[in-house]
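Start at 1 with the first residue, then count along the sequence. Computed over heavy atoms, backbone and side chain alike; hydrogens, waters and symmetry mates excluded.
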Amino acid sequence: MERKVFEEVESFSKEKHIHVPIFASKRTKVLLLCLSSGLTVPPHSHPGFEITLQPLKGKALLPINGEEIMLVPGEIFFVDGEVSFSPHNPFDENFEMLIHLIER
């Protein structure tokens with residue numbers, strides 16, 4: 001068994017978002033998205049994957065399918081990897097989210 005503590009591996013930058021690799025296997029990748037205040041992840045998709053988004057700290061907005069969803073701790077979202085998305089953090093605090101990429 002391997003243990004990771006988010007506060008020990010998180011990394012924030014004022015210039016760009018950071019994806020910290022947490023776990024990787026043949027079909028699954030787990031990343032910790034660290035998004036500083038004022039930053040946006042460029043629009044992208046993950047064809048061939050199912051995705052879970054689990055906010056852990058702070059809040060962010062996610063424009064997806066013509067609407068804007070608030071990402072907050074205590075919720076989990078399931079996204080088809082074909083869909084393009086681009087989380088952004090217009091708030092004063094840093095945002096942190098666990099992302100699971102599961103290959104179909």
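- Residue Ile64 is not grouped with residue Leu61 when hydrophobic side chains (ILVMFWY) are merged at heavy-atom distances under 4.5 angstrom, including chains of intermediate members.
- Under the salt bridge (charged side-chain N to carboxylate O under 4.0 Å, His left out) criterion, Glu93 pairs with no residue, sequence neighbours left out.
- For the atom pair CG of Leu33 and CD of Glu10, the computed distance is 11.5 Å after rounding to the nearest 0.5 Å.
- Two residues are said to be in side-chain contact when any heavy atoms from C-beta on lie closer than 4.5 Å; Leu62 and Pro87 meet this criterion.
- Take Glu68 and apply the salt bridge (charged side-chain N to carboxylate O under 4.0 Å, His left out) test, not counting sequence neighbours, and it matches no residue.
- With contacts defined as side-chain heavy-atom distances shorter than 4.5 Å, the pair His88/Pro63 qualifies.
- A single hydrophobic cluster is not seen to contain both Ile51 and Leu32; linkage of ILVMFWY side chains at heavy-atom distances under 4.5 Å, directly or through other members, places them apart.
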inquiry  = Arg3 vs Glu8, test: side-chain contact (heavy atoms from CB on, under 4.5 Å). Steps then yes/no.
reply    = CA-CA 11 Å; Arg3 177 178 182 238; Glu8 293 174 0; 5.9 Å; no
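- In the hydrophobic cluster analysis, where Ile, Leu, Val, Met, Phe, Trp and Tyr join through side-chain heavy atoms closer than 4.5 angstrom, Leu39 is grouped together with Leu31.
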Side-chain donor-acceptor contacts of residues 97-104 below 3.5 Å, not counting sequence neighbours, with atom names and distances?
unit_1, atom_1, unit_2, atom_2, d
His100, ND1, Thr52, OG1, 2.8
Arg104, NE, Glu50, OE2, 2.8
Arg104, NH2, Phe49, O, 3.3
Arg104, NH2, Glu50, OE2, 3.2
Arg104, NH2, Asp80, OD1, 2.4
Arg104, NH2, Asp80, OD2, 3.4

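- Taking every heavy atom of both residues into account, Phe12 and Leu35 meet most closely at CE2-N, 3.6 Å.
- Glu75 is linked by a salt bridge (charged side-chain N to carboxylate O under 4.0 Å, His left out) to nothing, counting only residues two or more places apart in sequence or in another chain.
- Nearest heavy-atom pair across Phe95 and Gly58 is CD1-C, 3.8 Å.
- Among residue pairs with one or both ends in residues 20-49, those qualifying as side chain to side chain donor-acceptor pair (under 3.5 Å) are His44-His46; sequence neighbours excluded.
- No chain of hydrophobic side-chain contacts below 4.5 Å, direct or via other Ile, Leu, Val, Met, Phe, Trp or Tyr residues, connects Leu53 to Val72.
- Legend: residues meeting salt bridge (charged side-chain N to carboxylate O under 4.0 Å, His left out) with Lys4, ordered by chain and number and at least two apart, are Glu2.
- Annotation: side chain to side chain donor-acceptor pair (under 3.5 Å) contacts of Glu15 (sequence neighbours excluded): Ser13.
- Of all heavy-atom pairs between Phe6 and Glu96, the closest is CB-OE2, 3.9 Å.
- When the side chains of ILVMFWY residues are joined at heavy-atom separations under 4.5 Å, either directly or via intervening members, Phe77 and Val83 end up in a single hydrophobic cluster.
- Atoms SG and CG, on Cys34 and Asn89 in that order, are 11.5 Å from each other to the nearest 0.5 Å.
- Through direct or relayed side-chain contacts under 4.5 Å between Ile, Leu, Val, Met, Phe, Trp and Tyr, Phe78 connects to Ile76.
- A donor-acceptor pair is defined here as one N or O able to donate and one able to accept, closer than 3.5 Å; such a pair exists between the side chain of Ser86 and the backbone of Val41.
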